[in-house]
Amino acid sequence: MNVIGINGSPRKKWNTATLVAKALEGAAAQGATTEQFHLYDLDFKGCTSCFACKIRGGESYGKCALNDDLAPVLERIAAADALVIGSPIYFGAVTGETRSFLERLLFPYLTYTVPYGTLFPKKIKTGFIYTMNVTEELSKESGYEQFFKTNERYVQLLLGAAETLCAYDTCQVDDYSKVVIESFDPLHKAKRRSEVLPLECQRAFELGQRLAGAESVAA
Ligand SMILES: Cc1cc2nc3c(=O)[nH]c(=O)nc-3n(C[C@H](O)[C@H](O)[C@H](O)COP(=O)(O)O)c2cc1C
């Protein structure tokens, strides 16, 4: 059992990376081997729509033909049993790097058949982890849940079962007095970091355990 973690935040020690690492700890506690990749360490592009992955009889059929830093990561995922994809929410969506990663991961497996199908040769479980400034209520009002469901649906079609863990109302910087941020209460945010983040770490740990275990994740 091998579980791959993807950190789609530019920060390697903040909310998203912490939760992805916790999910991998949970998987390791179930006996899985784990690997974590930081997307911002890699030099890569999103899908360039070259269609090499869709050419009939082509040598890259079902596989991304771009040969950059993401290529070996996509190979590791193809050989893995489960995947954790973490991203902060930037302007209501995942970060640009996470988006580019998802395009490259998913498009080569998508068949333009009726109905759509997948060339991924097996089923793996995926856990999405999103961290964001907004509260759970505001996330719902702003339509974020729809975005999360859409990502789950693509992964369910193409890779296998998927579930989502959200960390809301995150603390964004360690010292709010040094930055011009008037819209958030520093004391409230510090409390979120000291009191709520540990609970979210526990939920991420349990997510990792589920991904690496026999228990099923929503298909
Ligand atoms: C460029 C940028 C855009 C952001 N946009 C949103 C947003 O649309 N909604 C939101 O809830 N939080 C937004 N945030 C806040 C981050 O999602 C949040 O602080 C997150 O937990 C950061 O993750 P990290 O600590 O792993 O870097 C934004 C932050 C940045 C830097």
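The first residue in the sequence is number 1, and the count goes up from there. Side-chain atoms are counted along with the backbone in the values below, which use heavy atoms only and exclude waters and symmetry mates. This is a predicted model, so every value here is computed, not measured. Counting starts at 1 for both ligands and their atoms, following the listed order.
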Short side-chain to backbone donor-acceptor contact, Asn2 and Thr33, under 3.5 Å
yes

All pairs passing ring-ring contact (aromatic ring centres under 6.0 Å, His included) where residues 13-57 contributes a residue, at least two apart:
Phe51-Phe107

Hits for side-chain hydrogen bond (donor to acceptor under 3.5 Å, both in side chains) against Lys191, two or more places apart or cross-chain, chain-then-number order -> none

Mind checking side-chain hydrogen bond (donor to acceptor under 3.5 Å, both in side chains) for Lys45 and listing every partner two or more places apart, or none if nothing turns up?
none

Enumerate the protein residues lying less than 4.0 Å from ligand 1, judged by heavy-atom distances, in chain and residue-number order.
Ser9, Arg11, Trp14, Asn15, Thr16, Pro88, Ile89, Tyr90, Phe91, Gly92, Thr131, Met132, Asn133, Val134, Tyr144, Thr170, Gln172

Salt bridge present between Lys149 and Glu152 (N-O < 4.0 angstrom):
yes

State whether the number of non-hydrogen atoms from other residues, nucleotides or ligands found under 6.0 Å of Asn67 atom CG is greater than 12.
no

